[in-house]
Amino acid sequence: MPGATFPPFPHDVPTQPLVIVDYALVKAGDQAEIDVLWKAATEKGFWYMKNHGVEDLLDPMFEMGQETMDLSIQAKMEYWQGNSGGSFGYKAKGATTVDLSGSKDNAEMINVSKDDALAYPRVAHASYPSTVNARMENTVRPFVEACTDANNTIMAVFNAKLGLPEGTLASLHARDEPSVSEARVIKVPATPGSTKIAVGAHTDFGSLSFLANRLGGLQVLLPGQDDWRYPLPGHVICNVGDALNLFSGGILMSSIHRVLPPPLAQSHFDRWSLVFFTRPGNSVHLKALTELSPLIAQKVAETPDKMHDAGVNAAQWFARRQSKWRVDNQKYYDYVLTFGDELKHIWGRGRFSIGSILFVLARYLGFASCVLSNFEKSLSISNTLTCLRVTAIISSEAIVAVRTWAVWARNKWILAILVLCAIAACTAAGVTTVNDVQSSERKSSSTFEYPAPYPILIFDLRTSVGGQWVVPLSMTIMYEVGKHRTPIVATHLLSSLSDPCVQLSGSHNCPYDYPDYVVAKTTLPLSQPKSRASSRYALERRYVPSHPPCDLRWGVIYFALMLALGVVNTALVIRSTAAVIQQNVTQLQTSLHSILSTRIVLHLANSGVGVKQMHTATSSYDPDDIQFSTVLRTTDIELSTYDVGPRP
Ligand SMILES: O=C(O)CCC(=O)C(=O)O
Ligand SMILES: [Fe+2]
């Protein structure tokens with residue numbers, strides 16, 4: 001790729017007119033050039049840069065990136081950056097969502113920490129693939145040094161223009177203070193003809209970004225514009241990030257950008273880009289520097305509606321923003337959507353039955369295992385996880401079994417089959433658990449042993465199905481869209497409820513990064529109960545006594561789905577020797593059980609019928625409302641998962 005010739009950038013796409021700043025002149029103190037830079041940084045936050053001194057290091061960096069991406073997926077995933085807010089290491093494509101409907105990104109990248117590059121061979125934060133290490137001293141470190149120099153020079157210019165005491169911005173970006181500053185190489189594989197977003201709309205988290213790319217695809221949305229426009233590829237582009245925007249009280253502009261596949265003929269080629277991000281020291285508090293500059297104080301006073309204090313330091317800010325769009329973190333989504341129903345039907349009743357205890361176990365042990373699976377680093381966590389998962393699955397199975405028995409009108413053969421299945425399942429689960437917990441070795445989650453011909457397929461399993469989100473999320477979307485015809489906003493709400501970034505909603509110039517507050521408002525009320533009258537009506541219309549299969553097709557499909565998933569998952573666990581697949585599949589199994597069983601309980605509760613006085617049981621399907629409910633004939637509104645009462 002370095003030195004390769006690509007088709008030219010097309011003439012007929014909307015381009016973003018940006019000025020070219022001559023870095024050599026800025027460094028030499030040329031006032032006219034400094035004014036050009038200042039205007040670009042305060043009005044657009046983006047500019048092209050020439051004579052920056054990094055020219056000769058671009059190709060070697062791209063080569064390092066290519067050598068790294070050419071490694072097998074197994075080798076790259078040894079350096080997986082995780083989902084907990086870390087950034088150093090490898091990010092596979094598809095690990096983040098790029099828009100509010102949950103589409104996944106199409107960019108893989110390797111991030112090398114500035115601190116690691118400078119400290120090499122000492123490890124400051126993380127280790128890297130051999131392809132990075134081999135070039136750490138002769139390529140990565142010089143690149144990091146040159147970009148840091150360039151960004152520091154620019155920051156010194158901003159420091160003076162903002163009227164800050166000399167060295168203020170430099171001290172917030174001290175070379176020796178640990179930071180999340182990093183060099184990044186990004187590969188977007190060729191997707192001819194596709195217009196799918198490869199890197200979602202965002203503002204950069206840090207202070208200054210230094211970006212080189214080989215093909216078009218970057219698009220910038222400047223303040224006041226309503227269309228995305230391409231900067232020209234082949235230039236080095238610099239842009240201001242959110243930290244400088246905050247420090248300066250909003251005087252320096254941090255603009256929204258994203259990456260699409262390269263346009264037209266260029267779309268037949270892989271797109272490579274290279275970024276160096278200068279970010280503040282980890283402990284630096286992110287707020288406007290009002291006490292140090294009258295100019296900043298005045299700007300803050302003029303814009304009281306904007307957020308001027310993030311209330312967190314740079315490391316916390318970064319971790320939150322980094323994890324928010326992670327696909328894996330959306331496994332909590334269903335819990336959030338149904339929380340309102342849970343409050344009402346489980347906690348609001350003021351008393352507990354065996355049914356509601358099973359509900360709580362299925363739901364919260366499933367949820368806890370979801371959360372804990374992010375931190376599966378030690379044997380004790382691994383063992384705790386095994387126990388949580390098994391208990392959640394058994395509780396879910398109990399709920400589903402009792403419901404199944406109910407919809408089959410307490411048929412004794414069904415009961416016998418269920419009891420046999422339960423004994424078999426519990427025995428298997430018990431043996432596996434004891435075996436797992438007694439084993440003194442934790443199975444490494446970074447050990448990949450893929451069947452040779454299908455590495456990518458299995459890898460996708462690792463990142464999507466294995467990441468425990470895809471099936472629960474699709475099911476949830478199916479339910480909720482069908483039920484309310486409301487666009488689904490997929491997000492990581494739970495972490496953001498305690499996130500100060502939530503306060504930024506609508507007040508910062510990057511609305512794309514802070515959607516969560518809105519989400520909280522739009523999703524929580526989604527699960528409104530059906531009106532009692534309509535469910536009664538549905539019940540009367542559809543009630544078919546003592547002949548379950550006829551009107552039970554949706555219920556049967558629902559239970560069959562759970563069974564089929566169980567079989568598929570078990571097969572995967574048995575077939576695969578890769579610990580990571582076994583663990584992810586088990587977690588997926590737990591999440592699914594938890595979601596399906598608690599959905600059953602809540603839908604039953606929402607259908608407005610209880611079980612205490614019912615005469616028999618059936619299932620209804622209302623075409624206007626994709627909701628499966630086990631509808632039970634009753635006069636009393638009561639929630640229970642197992643008490644089927646007397647038959648007629
Ligand atoms: O690849 C590009 O051109 C831009 C990448 C970018 O915006 C980022 O990594 O923050
Ligand atoms: Fe960016």
Side-chain angles (χ1 to χ4, degrees), residues 1 6 9 13 15-16 18 44-49 54 58 61-62 65-66 69 81 86-93 95-99 105-114 143 147 151 180-191 196-222 228-245 252-263 266-267 269-279 317-318 321-322 324-326 509-510 512-513:
M1 165 265 321
F6 298 114
F9 188 72
V13 297
T15 51
Q16 193 67 261
L18 299 177
K44 299 185 173 175
F46 268 83
W47 60 93
Y48 299 126
M49 209 156 74
V54 190
L58 301 181
M61 277 299 284
F62 277 121
Q66 180 156 28
M69 298 312 169
Q81 54 179 233
S87 166
F88 306 139
Y90 175 70
K91 187 203 82 75
K93 67 190 176 83
T96 61
T97 41
V98 297
D99 57 27
D105 76 82
N106 188 31
E108 58 173 339
M109 54 182 78
I110 179 80
N111 292 328
V112 185
S113 144
K114 172 189 132 203
F143 174 76
C147 293
N151 284 354
V180 274
S181 296
E182 64 190 0
R184 166 180 299 174
V185 182
I186 308 170
K187 176 187 179 185
V188 174
T191 45
K196 226 174 137 262
I197 299 170
V199 176
H202 65 282
T203 48
D204 285 348
F205 303 165
S207 293
L208 274 177
S209 309
F210 179 102
L211 162 70
N213 53 36
R214 289 292 187 242
L215 290 175
L218 176 68
Q219 290 187 319
V220 181
L221 185 68
L222 292 180
W228 292 90
R229 297 182 198 167
Y230 293 95
L232 296 171
H235 288 73
V236 156
I237 296 168
C238 277
N239 65 287
V240 171
D242 287 347
L244 266 190
N245 175 271
L252 289 162
M253 187 61 66
S254 165
S255 288
I256 301 164
H257 52 287
R258 67 180 186 184
V259 178
L260 254 59
Q266 291 194 340
S267 72
F269 295 82
D270 294 342
R271 178 184 189 273
W272 292 86
S273 54
L274 165 63
V275 199
F276 182 76
F277 298 96
T278 298
R279 296 175 175 139
W317 164 275
F318 181 79
R321 292 195 52 180
Q322 173 81 354
K324 195 171 292 177
W325 290 96
R326 279 306 161 101
N509 47 15
C510 179
Y512 287 91
D513 238 2

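Whatever order the structure lists ligands and atoms in, that order sets their numbers, starting from 1.
- Using a 4.5 Å cut-off on side-chain heavy atoms (C-beta onward), Phe46 and Ile237 make contact.
- In this structure, Phe88 and Glu182 have side chains that are in contact, with non-hydrogen atoms separated by less than 4.5 Å.
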Present, as a list of atom pairs with distances to 0.1 Å, all nitrogen or oxygen contacts under 3.5 Å between ligand 1 and the protein.
unit_1, atom_1, unit_2, atom_2, d
ligand 1, 1 (O), Arg271, NH1, 2.9
ligand 1, 1 (O), Ser273, OG, 2.7
ligand 1, 3 (O), Arg271, NH1, 3.4
ligand 1, 3 (O), Arg271, NH2, 2.8
ligand 1, 7 (O), His202, NE2, 3.2
ligand 1, 7 (O), His257, NE2, 3.1
ligand 1, 9 (O), Arg184, NH1, 2.9
ligand 1, 10 (O), His202, NE2, 3.0
ligand 1, 10 (O), Asp204, OD1, 3.2

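- Proximity of Met49 to Phe210: side-chain heavy atoms (C-beta onward) are separated by under 4.5 Å at one or more points.
- Evaluated for a side-chain contact (heavy atoms from CB on, under 4.5 Å) with Gln219, the options Arg229, Arg258, His257 yield exactly one hit, Arg258.
- Around the Fe ion (ligand 2), the protein contributes the following N, O or S atoms under 2.8 Å, ordered by chain and number: His202 NE2, Asp204 OD1, His257 NE2.
- Arg271 is listed as a side-chain neighbour of Leu218, based on a closest heavy-atom distance under 4.5 Å.
- Glu108 and Tyr90 are linked by a side-chain donor-acceptor pair at a separation below 3.5 angstrom, with hydrogens and angles left out of the test.
- A side-chain donor-acceptor contact under 3.5 Å links Thr278 and Asn151.
- Here the side chains of Leu274 and Ile186 are not in contact, with every heavy-atom distance at 4.5 Å or above.
- Salt bridge annotation for Arg214-Asp270: absent, with no cationic side-chain nitrogen under 4.0 angstrom from a carboxylate oxygen.
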